[in-house]
Amino acid sequence: STHDSAGIEFVQLLFLIGVSYTRTQDFDKAKLVMGKAQALLDPAKLPVVTSYETKGTIEEAVIQLDLANLYLRVGFVDSIERNFESAVSNYKEAIRIFNSTATHPILSS
């Protein structure tokens, strides 16, 4: 598939880099790196064939969980920076994605 495991691993690597930046309190770099990872996982930007090929698969569930974790971490950074409105928005999006992933066919069967 176009959105192969190497792509997912790259996004996960970006996430870990973002987490490292948060631990060193370099929040601007953390948000920049995690924003790049979010952009790579954005369903609207994925080719239609990729969405079709991954529908109902473990790969789709992993992508959703990665995206939810990115929103959660960006919300955490926002809260540290006292940008509470943005933090709440990111937390709500993470919850929405986690909730939809909980009913994903691969995880609920």
Side-chain angles (χ1 to χ4, degrees):
S1 97
T2 310
H3 202 276
D4 59 6
S5 61
I8 292 172
E9 288 175 11
F10 181 68
V11 167
Q12 290 169 340
L13 179 62
L14 287 175
F15 175 77
L16 292 175
I17 291 169
V19 168
S20 295
Y21 279 131
T22 62
R23 289 183 178 153
T24 60
Q25 298 187 356
D26 194 339
F27 302 121
D28 290 336
K29 284 185 183 175
K31 286 168 80 171
L32 179 70
V33 170
M34 289 186 281
K36 288 179 182 180
Q38 283 176 315
L40 290 171
L41 292 176
D42 183 353
K45 294 179 183 170
L46 295 176
V48 174
V49 67
T50 302
S51 299
Y52 176 76
E53 288 174 359
T54 61
K55 195 76 176 156
T57 65
I58 190 70
E59 183 181 40
E60 181 189 44
V62 168
I63 290 168
Q64 289 176 356
L65 290 171
D66 284 346
L67 190 56
N69 278 311
L70 282 163
Y71 277 104
L72 195 62
R73 180 54 73 160
V74 172
F76 173 73
V77 171
D78 286 337
S79 68
I80 288 173
E81 294 182 320
R82 305 186 69 74
N83 186 351
F84 299 119
E85 190 174 315
S86 183
V88 168
S89 175
N90 280 301
Y91 287 144
K92 284 182 178 179
E93 185 60 14
I95 290 167
R96 185 192 68 74
I97 296 169
F98 279 132
N99 284 339
S100 76
T101 306
T103 60
H104 191 279
I106 202 81
L107 300 175
S108 60
S109 57

task = Kindly determine whether Phe15 and Val11 satisfy side-chain contact (heavy atoms from CB on, under 4.5 Å), including the steps that lead there.
result = CA-CA 6 Å; Phe15 175 77; Val11 167; 5.7 Å; no
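- Side-chain contact between Met34 and Thr22 is present, with at least one heavy-atom pair separated by less than 4.5 Å.
- Taking 4.5 Å as the limit, some side-chain heavy atom of Ile17 sits within range of a side-chain heavy atom of Tyr21.
- For residues 68-79, the pairs satisfying salt bridge (Lys or Arg N to Asp or Glu O under 4.0 Å) are Lys31-Asp78, with sequence neighbours left out.
- Using a 4.5 Å cut-off on side-chain heavy atoms (C-beta onward), Asn69 and Phe98 make contact.
- Side-chain N or O atoms of Ser20 include one that pairs as donor or acceptor with a backbone N or O of Leu16 at under 3.5 Å.
- At a threshold of 4.5 Å between non-hydrogen side-chain atoms, the residues Val74 and Gln38 count as touching.
- Glu9 CD to Leu14 CG: the interatomic distance, rounded to the nearest 0.5 Å, is 12.5 Å.
- The hydrophobic cluster containing Leu13 also contains Leu41, counting ILVMFWY residues as joined when their side-chain heavy atoms lie under 4.5 angstrom apart, directly or transitively.
- Residues Ala87 and Gly75 share a closest heavy-atom pair of CB-O, 3.4 Å.
- Note: the hydrophobic cluster containing Ile80 also contains Tyr91 (ILVMFWY, side chain heavy atoms under 4.5 Å, direct or indirect links).
- The shortest side-chain heavy-atom distance between Arg96 and Tyr71 does not fall under the 4.5 Å cut-off.
- Side chains of Asn90 and Leu72 form no contact here, defined as non-hydrogen atoms less than 4.5 Å apart.
- No more than 12 heavy atoms of other residues, nucleotides or ligands shown are found within 6.0 angstrom of CZ on Phe76.
- In this structure, CG in Asp66 is found 10.5 Å from CD1 in Ile97, a value given to the nearest 0.5 Å.
- No continuous path of ILVMFWY side-chain contacts below 4.5 Å connects Ile95 to Phe84, so the two sit in separate hydrophobic clusters.
- With sequence neighbours left out, Leu32 forms a side chain to side chain contact (heavy atoms under 4.5 Å, CB included) with Lys36.
- A donor-acceptor contact shorter than 3.5 Å is absent between the side chain of Ser86 and the backbone of Asn83.
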